[in-house]
Amino acid sequence: MIKVVLADDQALLRGTLRYLLSREAGMEVVGEASEGGEAIALAVEARADLVIMDIRMPGMDGLEATRKLKEALPACKVLILTTFELDEYVFEALRAGASGFLGKGVEPVDLLNGIRTVAAGESLLSPAATKALIARFRESPGNPPRYGLERLADLTPREREVLSLVAWGLSNDDISLRLHLSPHTVKTHINRTMSKLGVSDRAQLVVIAYETGLVRPGER
């Protein structure tokens, strides 16, 4: 059972989402919040698996709420729902610990599939879409690097290589072919890299790859 908290200041949207999820086997809405602080409290109390988070809310917005939620309940995933699918706030949400995002005009079946994907620990964005989004904002002078390569000091050379390929938008199968490794070995390298870097999904690996300078926009 995937336990979900809905965080959006539009009651109608929360009601629609609650109805949709209530009809889906394996999903349960365990709380509704109209602002970020309330969402955090509900998620922690219910030990929620996932929060569907709006960015723009009164009081504590979705960005701050995502950061604080990941500190309070690291295992809880955050799926951002936004009106603008290339909103600059989406990049900041990924930095804060969100696992991906969808536009509010998404089809119901895609939302349900997205919830399962994020709850399983994967990035909701395709690797290529994640790379394109992050590259767009890493090129902005308003987003200077946050880390040096010392952030990657615990990674083996092979793990760094795999991390670079993840950030370039390659799937596990693509990486497998490129490095002549089995898909299982690639997955093992990615899981170990996540563990060493203290992240829980592919989107966060891409953020770190760009923000350490391991990968730079336009390189390939």
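Quick note: numbers below take in every heavy atom, side chains included, and nothing from hydrogens, waters or symmetry partners. Starting from 1, each residue takes its place in the sequence as its number.
- Here the OG-CG distance, from Ser171 to Leu165, works out to 10.5 Å after rounding to the nearest 0.5 Å.
- Side-chain contact between Val206 and Val166 is present, with heavy atoms from C-beta onward closer than 4.5 Å.
- His184 is not listed as a side-chain neighbour of Lys187, based on a closest heavy-atom distance of 4.5 Å or more.
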Test log, rule salt bridge (charged side-chain N to carboxylate O under 4.0 Å, His left out), inputs Arg178 and Asp173
CA-CA 9 Å; Arg178 175 74 67 90; Asp173 287 342; over 6 Å; no
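- Annotation: side chain of Leu21 is in contact with side chain of Leu112 (closest heavy-atom distance under 4.5 Å).
- To the nearest 0.5 Å, atoms CG (Asp154) and OG1 (Thr156) are separated by 10.5 Å.
- Taking all atoms of both residues into account, the shortest heavy-atom contact from Leu69 to Cys76 is CD2-SG, 4.0 Å.
- There is a path of hydrophobic side-chain contacts, each under 4.5 Å, that joins Val44 to Val30.
- Glu64 places no side-chain N or O within donor-acceptor distance of the main-chain N or O of Met60, the cut-off being under 3.5 Å.
- Listed for the Glu71 side chain is no donor-acceptor partner under 3.5 Å among the backbone atoms of Pro74.
- With a 6.0 Å radius and a threshold of 12 heavy atoms from other residues, nucleotides or ligands, Glu28 has its CD atom above the threshold.
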Before giving the answer on side-chain contact (heavy atoms from CB on, under 4.5 Å), spell out for Met57 and Gln10 the whole-Å C-alpha distance, their side-chain angles and the decisive distance to 0.1 Å.
CA-CA 9 Å; Met57 293 183 289; Gln10 298 180 31; over 6 Å; no
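- Residues Ile40 and Ala65 come closest through the heavy atom pair CD1-O, 3.7 Å.
- The number of heavy atoms from other shown groups lying within 6.0 Å of CZ (Arg160) is above 12.
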Begin with the C-alpha distance, continue with both residues' side-chain angles, and end with the deciding distance and a verdict on side-chain contact (heavy atoms from CB on, under 4.5 Å) for Glu24 and Arg116.
CA-CA 11 Å; Glu24 191 69 13; Arg116 293 190 184 92; 2.2 Å; yes
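- Side-chain contact between Val186 and Leu179 is absent, with no heavy-atom pair separated by less than 4.5 Å.
- Proximity of a side-chain donor or acceptor of Glu161 to a complementary backbone N or O of Arg158 within less than 3.5 Å is not detected.
- A donor-acceptor pair is defined here as one N or O able to donate and one able to accept, closer than 3.5 Å; no such pair exists between the side chain of Lys68 and the backbone of Gly36.
- Side-chain contact of Thr188 with Asn191: a donor-acceptor pair under 3.5 Å is absent, judged by distance alone.
- Note that CG of Leu214 is 5.0 Å distant from CG of Leu163, once rounded to the nearest 0.5 Å.
- In summary, of the residues considered (Leu205, Val162, Ile208), a side chain to side chain contact (heavy atoms under 4.5 Å, CB included) with Thr193 occurs for Leu205 alone.
- Contact between Ala43 and Leu73 at its shortest, heavy atoms only, is O-CD2, 3.5 Å.
- With values rounded to the nearest 0.5 angstrom, Asp61 atom CG is found 9.5 Å from Met53 atom CE.
- In plain terms, the two heavy atoms of Ala98 and Ile80 that are nearest each other are CB-CG1, 3.8 Å.
- Between Arg14 and Glu32, at least one side-chain N (NZ, or NE/NH1/NH2) sits under 4.0 Å from a carboxylate O, which counts as a salt bridge.
- With a 4.5 Å cut-off on side-chain heavy atoms, Leu111 and Leu79 count as touching.
- Checking side-chain atoms of Lys196 against main-chain N and O of Leu155 turns up no donor-acceptor pair under 3.5 Å.
- The closest donor-acceptor contact from the side chain of Ser22 to the backbone of Tyr19 lies under 3.5 Å.
- In this structure, Asp49 contributes its side chain and Lys3 its backbone to a donor-acceptor pair below 3.5 Å.
- Residues His189 and Thr185 are in side-chain contact: their nearest non-hydrogen atoms beyond the backbone lie under 4.5 Å apart.
- For the pair Val118 and Leu50, the minimum side-chain heavy-atom distance is below 4.5 Å.
- Without hydrogens or angle criteria, Asn113 side chain to Val109 main chain gives a donor-acceptor distance under 3.5 Å.
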Tell me, with the steps shown, if Leu197 and Leu152 meet side-chain contact (heavy atoms from CB on, under 4.5 Å).
CA-CA 8 Å; Leu197 295 177; Leu152 309 179; 4.0 Å; yes
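- A 4.5 Å side-chain heavy-atom check between Trp168 and Val215 finds at least one atom pair inside the cut-off.
- When all heavy atoms are compared, the tightest approach of Leu63 to Ala96 is O-CB, 3.9 Å.
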Before giving the answer on side-chain contact (heavy atoms from CB on, under 4.5 Å), spell out for Arg56 and Asp9 the whole-Å C-alpha distance, their side-chain angles and the decisive distance to 0.1 Å.
CA-CA 8 Å; Arg56 297 183 180 92; Asp9 62 343; over 6 Å; no
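- Across Pro58 and Ser34, no two heavy atoms sit closer than the pair CD-O, 3.9 Å.
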